[in-house]
Amino acid sequence: MDAVKPEIDVLIVGGGLAGLAAALEASKVTPRVTIVAKGKVGSSGNTIMTRNGMAAVMEEGYDGDSVEQHVNDTLAGGAYLNDPQLVKLFAAEARNGIKRLIEQGVPFLMEGNQLLRKGSPGHSRKRFLTVDGKGVQSSRVEGLAISRRLLRAIKDRGVEVDDKVMITDLLTDKTGRVVGAKGFRRNEAAAYVFRAATVILATGGIGKLYPVSSNAGDVTGDGYALAHSIGARLEGMEFIQFHPAMILEAKLVVSTALFADGATLRNSLGETFMTRYSPHGDMATRDVMARAIFSEVTGGRNTPRGGVWLDLSGMDPGKLENNYSFLTPLLKGRKMLEVAPAAHFMMGGVVIDQLSQTTVPGLYAAGEVATGVHGANRLAGNALTEAVVFGTIAGREAAREAVKQPPTSWGADEEVAESRLLASPGALKEIRSGLRAIMGKKVALVRTEAHLKEALNEIEDMKKHLLDSAMEDRGQPWDNHQLRLMLATAGIVAKAALERKESIGAHYRLN
Ligand SMILES: Cc1cc2nc3c(=O)[nH]c(=O)nc-3n(C[C@H](O)[C@H](O)[C@H](O)COP(=O)(O)OP(=O)(O)OC[C@H]3O[C@@H](n4cnc5c(N)ncnc54)[C@H](O)[C@@H]3O)c2cc1C
């Protein structure tokens with residue numbers, strides 16, 4: 001076969017903020033950029049579901065804040081298990097990330113002619129900026145205020161946008177370099193092969209491995225399994241943040257900035273209990289708050305729906321109405337809502353360097369799928385900022401590397417043979433719900449050695465069950481591959497949680 005350039009220079013897997021930022025930046029270096037997403041590019045993943053908080057120090061020294069202070073807060077929040085170099089880069093680049101979004105027309109809440117800055121737990125200064133989500137059709141998709149501007153920008157720049165494609169395998173050549181990816185479209189049996197000089201993973205987190213989660217339906221931890229399958233290094237997979245406060249009747253998380261503005265948690269006895277768990281009371285970090293609620297609930301002081309009360313009566317009514325308008329239709333005149341912890345954010349993931357490169361040549365990662373910035377726990381507002389900062393870096397670096405790649409004689413022999421053995425829909429459903437039940441019970445907020453060992457064994461059994469059920473060609477390749485990736489990632493999480501014996505950050509071991 002003749003040596004040729006692959007038709008794609010940069011293949012981006014994932015259409016959330018990290019993927020969109022990567023596409024925008026890569027398109028400045030090369031026109032041959034393709035972005036694919038399991039959902040729709042720009043309206044899938046967790047980005048659109050956010051409360052739009054972005055932490056950044058816009059001006060050094062302003063109001064006593066500094067990049068160094070943002071670094072210190074992020075390291076302290078992460079129990080110093082963060083990669084300090086990545087944290088420094090993240091905090092220093094945060095303001096440029098925000099400016100890039102503003103350049104694309106992303107609207108931020110203002111106070112006079114300045115960006116509105118709020119406080120937030122774990123941040124020692126007011127640096128929590130908010131993208132104005134009022135212009136989108138529903139409070140559930142406020143993040144569209146970010147993503148739709150970027151989607152328009154990448155389309156204007158000629159980026160190839162391919163919706164509803166699930167990447168199921170990364171392809172490597174004989175040297176171990178990534179040379180593309182394989183995937184499926186929904187309801188189609190044939191596999192697609194994307195030949196690419198470089199690949200960026202921007203597949204987001206892990207929430208939907210759990211039964212109670214704040215995450216979008218397509219956030220199932222695929223990127224971790226994909227990277228792991230070709231030998232990329234993963235770290236910190238035991239560190240999963242549970243959002244302390246998901247409104248149970250609406251399945252909507254509330255911004256922890258509310259607590260800085262006067263909201264309080266109360267148990268069913270009406271007690272404000274947080275001071276029993278932390279000297280910071282309701283301003284404790286998310287993991288402390290989540291475990292406190294868990295303890296109140298398991299101690300029998302739970303509300304009717306199995307949570308605790310979020311009491312908003314101490315807040316200034318004008319502030320509540322103006323800055324948290326998404327709550328107005330839910331409150332219906334009330335001042336209390338039931339909240340409980342939900343699987344929310346993955347701090348661990350694919351190891352990257354300061355160029356967003358993974359340990360496998362040709363493979364980059366950005367956004368929630370990557371690790372290093374948050375250590376053992378994440379501060380609010382740092383994830384969206386991370387996605388735009390490292391998405392931008394990954395896009396630029398992957399494109400620069402891609403255009404320098406020599407032509408190769410990449411041939412059909414590298415393609416993955418497609419298995420024709422597929423499990424039936426019934427078997428898939430059973431394994432999927434079994435997996436979520438195990439993760440929710442045994443690999444969740446409070447962990448024990450016995451539970452984690454059981455979980456690992458059960459996940460291994462499920463992997464076998466999936467193969468054993470694959471006797472007839474009657475299921476969908478999409479669903480089979482989805483479950484295979486979920487099982488692989490679940491096993492990685494359970495193993496990491498078993499190996500780390502001490503409690504630290506979001507990882508809490510009873511024994
Ligand atoms: C309810 C909620 C509120 C939040 N609020 C905030 C906030 O206010 N501030 C903050 O900083 N952070 C917040 N976060 C966290 C933040 O939303 C995420 O960390 C961030 O959006 C992740 O962006 P991403 O681009 O890495 O991934 P995502 O936006 O999750 O996008 C992942 C993309 O990958 C695609 N994908 C996944 N697997 C595959 C596959 N196998 N093949 C092809 N495509 C695939 C998906 O379809 C999707 O397009 C919140 C999270 C949630 C759930």
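Since the model is a prediction, treat every value here as computed from it, not as a measurement. Whatever order the structure lists ligands and atoms in, that order sets their numbers, starting from 1.
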Any side-chain to backbone donor/acceptor pair from T371 onto M347? Under 3.5 Å, distance only.
yes

Closest contact, heavy atoms only, A37 versus G14:
CB-C, 4.3 Å

Considering all heavy atoms of both residues, which atom of A366 and which atom of A18 are nearest to each other, and what is their separation?
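The pair with the smallest heavy-atom distance is O-CB, 3.6 Å.
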
About how many Å separate CZ of R125 and NE2 of H70, when rounded to the nearest 0.5 Å?
12.5 Å

Fit a plane to each ring of F184 and H481, take the angle between them on a 0 to 90° scale, and name the class: parallel (under 30°), tilted (30 to 60°) or perpendicular (over 60°).
parallel

Counting C-beta onward and ignoring hydrogens, is there a side-chain heavy-atom pair between T328 and L320 closer than 4.5 Å?
no

Amino acids in close contact with ligand 1, where any non-hydrogen atom sits under 4.0 angstrom away
V13, G14, G15, G16, L17, A18, A37, K38, G39, S44, G45, N46, T47, M49, T50, R51, N52, G53, V165, M166, I167, A202, T203, G204, S214, N215, D218, V219, D222, V253, H344, F345, G367, E368, R378, G381, N382, A383, L384

